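Values below: all heavy atoms of this structure, side chains included; hydrogens, waters and symmetry mates excluded. Quantities reported herein were computed from a predicted structural model and do not represent experimental measurements.
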Amino acid sequence: MSVSFNGFNKNTATFKTAEDITAGGAVKISADATVAACSDGENFCGFALDGEGGYACVQLCGAVTAAYSGTAPALGYSKLAAAVGGVKAAESGREYLVIAVDTAANTVTFLM
């Protein structure tokens with residue numbers, strides 16, 4: 001048996017977008033029923049699973065594995081913010097339950 005968090009409590013919703021969204025990128029609410037890519041350091045509401053044609057499927061909760069930049073996030077409840085290409089440890093903002101950190105691959109798995 002192996003450890004796996006794939007699919008755990010994974011909930012998604014489809015939002016409108018003003019522009020195409022990169023799959024795997026952090027997103028924020030930008031207008032009514034609309035998401036946009038996050039800028040560096042912003043709080044995020046979810047991660048885009050895809051995004052083209054004016055719509056994006058966004059994962060709003062569940063286990064997420066994302067690239068991190070800068071200092072590796074700490075295990076346990078840690079503050080995370082959007083970063084270019086993923087997330088980064090933050091000093092303020094929302095806390096997420098970090099359940100795994102792979103420093104060789106620079107990825108973090110956390111629960112939203």
According to a 4.5 Å side-chain heavy-atom criterion applied to Ile, Leu, Val, Met, Phe, Trp and Tyr, with indirect links allowed, do [X] and [Y] form part of one hydrophobic cluster?
| X | Y | result |
| --- | --- | --- |
| Leu111 | Val3 | yes |
| Val27 | Leu80 | no |
| Ile29 | Leu49 | no |

Side chains of Phe47 and Ile21: does their closest heavy-atom pair fall under 4.5 Å?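 The answer is no; the side chains never approach within 4.5 Å.
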Within a strict 4.5 Å, meaning less than it, do heavy atoms of the Ser69 and Asn106 side chains meet?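 They are not in side-chain contact.
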How far apart are the closest heavy atoms of [X] and [Y], and which atoms are they?
| X | Y | answer |
| --- | --- | --- |
| Phe15 | Thr34 | CD2-N, 4.1 Å |
| Lys79 | Gly93 | CE-O, 3.6 Å |
| Val35 | Ser30 | C-OG, 3.6 Å |
| Leu60 | Met112 | C-CE, 3.6 Å |
| Ala81 | Ala90 | CB-CB, 3.9 Å |
| Asp40 | Lys88 | OD2-NZ, 3.0 Å |

Would Tyr96 and Phe44 count as a close aromatic pair, with their ring centres under 6.0 Å? yes
Connecting only ILVMFWY residues whose side-chain heavy atoms lie within less than 4.5 Å of each other, what is the rest of Val84's hydrophobic cluster? none
Take atom CG in Asp32; do more than 12 heavy atoms of anything else shown fall under 6.0 Å from it? no
For a side chain to side chain contact (heavy atoms under 4.5 Å, CB included) with Ile99, tell me which candidate from Phe8, Phe110, Phe5 qualifies. Phe5
For Glu95, enumerate each residue passing the side chain to side chain donor-acceptor pair (under 3.5 Å) test, keeping only those at least two apart in sequence or located in another chain. none
Is there a donor-acceptor contact under 3.5 Å from the side chain of Asp50 to the main chain of Cys57? yes
Which distance, rounded to the nearest 0.5 Å, do you find between the OH of Tyr68 and the OG1 of Thr109? 11.0 Å
